[in-house]
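Counting from 1, the numbers follow the sequence of the chain as shown.
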Amino acid sequence: MTEGTTSAAAEGADTLTRLEQEGEIAADYLEGLLDIADLDGDIDMDVEADRASVSIISDSGGRDLQKLVGRDGEVLEALQELTRLAVHRETGDRSRLMLDIAGYRAKKRAELSELGAKAAAEVKSTGEPVKLKPMTPFERKVVHDAVKSAGLRSESEGEEPERFVVVLPA
């Protein structure tokens with residue numbers, strides 16, 4: 001191995017270790033939260049796309065966990081920010097950690113990928129840009145990825161909380 005390859009591998013291992021540490025800190029924080037709220041849930045940790053990913057899942061269907069998702073994922077978004085702050089407090093580094101509760105984000109990701117693919121198909125057939133409804137940063141990212149995989153491009157326009165995706169012709 002060359003010196004550059006060795007340092008790149010070491011850097012990748014350091015990044016993985018840092019992300020795993022973020023996941024551990026987040027899991028501890030969320031376990032404490034579940035205890036305080038007297039909710040049952042198991043914590044699952046992973047590293048996906050260069051970010052720590054933590055999920056709270058339940059064997060009992062997750063009905064109680066829906067309280068932590070809230071209407072349109074609003075409580076989930078707030079808990080994600082609080083968890084990121086807890087990680088930041090421990091590490092001193094900004095966290096891009098993703099939190100999922102009771103499979104809400106996974107389901108939402110599938111729906112948004114389908115929406116992005118449909119919008120891309122419409123743009124391909126009409127040649128006209130398509131504006132989608134306002135979305136959260138997470139939702140826009142998923143749509144942008146779906147549009148990109150369909151071979152088109154997209155942009156975000158507007159100001160929060162009314163920021164939306166525009167799918168553009170190739």
Side-chain angles (χ1 to χ4, degrees), residues 4-5 7-9 11-16 18-20 22-23 26 30 41 43-58 61-63 65-88 93-170:
T5 308
S7 64
E11 187 175 305
D14 289 346
T15 299
L16 182 60
R18 180 181 53 78
L19 293 174
E20 288 172 344
E22 280 187 21
L30 291 166
I43 309 285
D44 184 34
M45 295 178 297
D46 200 3
V47 174
E48 299 172 359
D50 292 334
R51 63 172 57 186
S53 174
V54 178
S55 300
I56 302 175
I57 53 177
S58 174
R63 208 150 178 70
L65 292 181
Q66 291 304 317
K67 297 172 188 173
L68 297 178
V69 173
R71 188 187 58 167
D72 297 327
E74 290 174 338
V75 176
L76 170 59
E77 290 288 333
L79 288 173
Q80 177 175 275
E81 286 307 309
L82 289 172
T83 305
R84 286 176 174 177
L85 287 171
V87 171
H88 176 72
D93 295 326
R94 181 179 172 273
S95 174
R96 295 176 51 233
L97 175 124
M98 288 296 293
L99 175 62
D100 191 7
I101 299 174
Y104 176 83
R105 267 197 214 277
K107 180 181 173 202
K108 192 77 169 169
R109 181 177 281 124
E111 292 170 359
L112 291 165
S113 292
E114 186 176 327
L115 174 68
K118 284 181 180 177
E122 183 180 336
V123 169
K124 284 179 179 178
S125 71
T126 66
E128 296 294 319
V130 171
K131 292 182 181 179
L132 301 176
K133 66 178 179 55
M135 299 177 187
T136 66
F138 161 75
E139 293 169 334
R140 290 193 309 269
K141 169 78 169 99
V142 173
V143 171
H144 285 304
D145 290 348
V147 169
K148 184 178 180 181
S149 71
L152 294 180
R153 62 188 183 92
S154 56
E155 297 175 352
S156 291
E157 293 183 6
E159 298 294 321
E160 295 292 353
E162 297 298 314
R163 200 154 167 80
F164 59 94
V165 174
V166 178
V167 182
L168 303 163

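For the atom pair Leu30 CG and Leu97 CG, the distance stands at 8.0 Å (nearest 0.5 Å). The CG atom of Leu99 sits 7.5 Å away from the OG atom of Ser55 when rounded to the nearest 0.5 Å. Rounding to the nearest 0.5 Å places CG of Leu65 at 7.0 Å from CD1 of Ile101. Here Asp46 contributes atom CG and Arg51 contributes atom CZ; the two are 13.0 Å apart, rounded to the nearest 0.5 Å. Between His144 atom NE2 and Leu112 atom CG the span is 11.5 Å, to the nearest 0.5 Å.
Residue pairs meeting the side-chain hydrogen bond (donor to acceptor under 3.5 Å, both in side chains) criterion with at least one member in residues 94-107, sequence neighbours excluded, are Glu22-Ser95, Glu77-Arg105, Gln80-Arg105. Residue pairs meeting the side-chain hydrogen bond (donor to acceptor under 3.5 Å, both in side chains) criterion with at least one partner in residues 115-131, sequence neighbours excluded, are Glu114-Lys118.
Minimum heavy-atom separation, Pro129 to Leu168: CB-CD2, 4.0 Å. A pairwise comparison of heavy atoms in Gly23 and Ala52 identifies N-CB, 4.1 Å as the closest pair. Smallest separation of non-hydrogen atoms from Leu132 and Ala119: CD2-CB, 4.1 Å. Summarising the geometry of Thr83 relative to Ala26, their closest heavy-atom pair is CG2-CB, 3.4 Å, with the distance given to 0.1 Å.
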Stepwise side-chain contact (heavy atoms from CB on, under 4.5 Å) test for Leu115 and Met135: CA-CA 12 Å; Leu115 174 68; Met135 299 177 187; 3.6 Å; yes

Step-by-step side-chain contact (heavy atoms from CB on, under 4.5 Å) determination, Val75 to Val69: CA-CA 5 Å; Val75 176; Val69 173; over 6 Å; no

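The side-chain hydrogen bond (donor to acceptor under 3.5 Å, both in side chains) check on Glu74 picks up Arg71, with sequence neighbours excluded. Remark: Glu48 pairs with no residue by the side-chain hydrogen bond (donor to acceptor under 3.5 Å, both in side chains) rule, at least two apart or across chains. Partners of Glu81 according to the side-chain hydrogen bond (donor to acceptor under 3.5 Å, both in side chains) rule, which considers only residues two or more places apart in sequence or in another chain, are Arg84.
In this structure, Arg18 and Asp93 have side chains that are in contact, with non-hydrogen atoms separated by less than 4.5 Å. Side chains of Lys133 and Phe164 form no contact here, defined as non-hydrogen atoms less than 4.5 Å apart.
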Show me the side-chain donor-acceptor pairs of residues 145-153 shorter than 3.5 Å, one per line, residues at least two apart or across chains.
from   : atom 1 : to     : atom 2 : distance (Å)
Asp145 : OD1    : Lys141 : NZ     : 2.9
Asp145 : OD2    : Lys141 : NZ     : 2.9
Ser149 : OG     : Ala146 : O      : 2.9
Arg153 : NH1    : Glu155 : OE2    : 3.4

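The number of heavy atoms from other shown groups lying within 6.0 Å of CD (Glu159) does not exceed 12.
Checking side-chain atoms of Arg140 against main-chain N and O of Val165 turns up no donor-acceptor pair under 3.5 Å.
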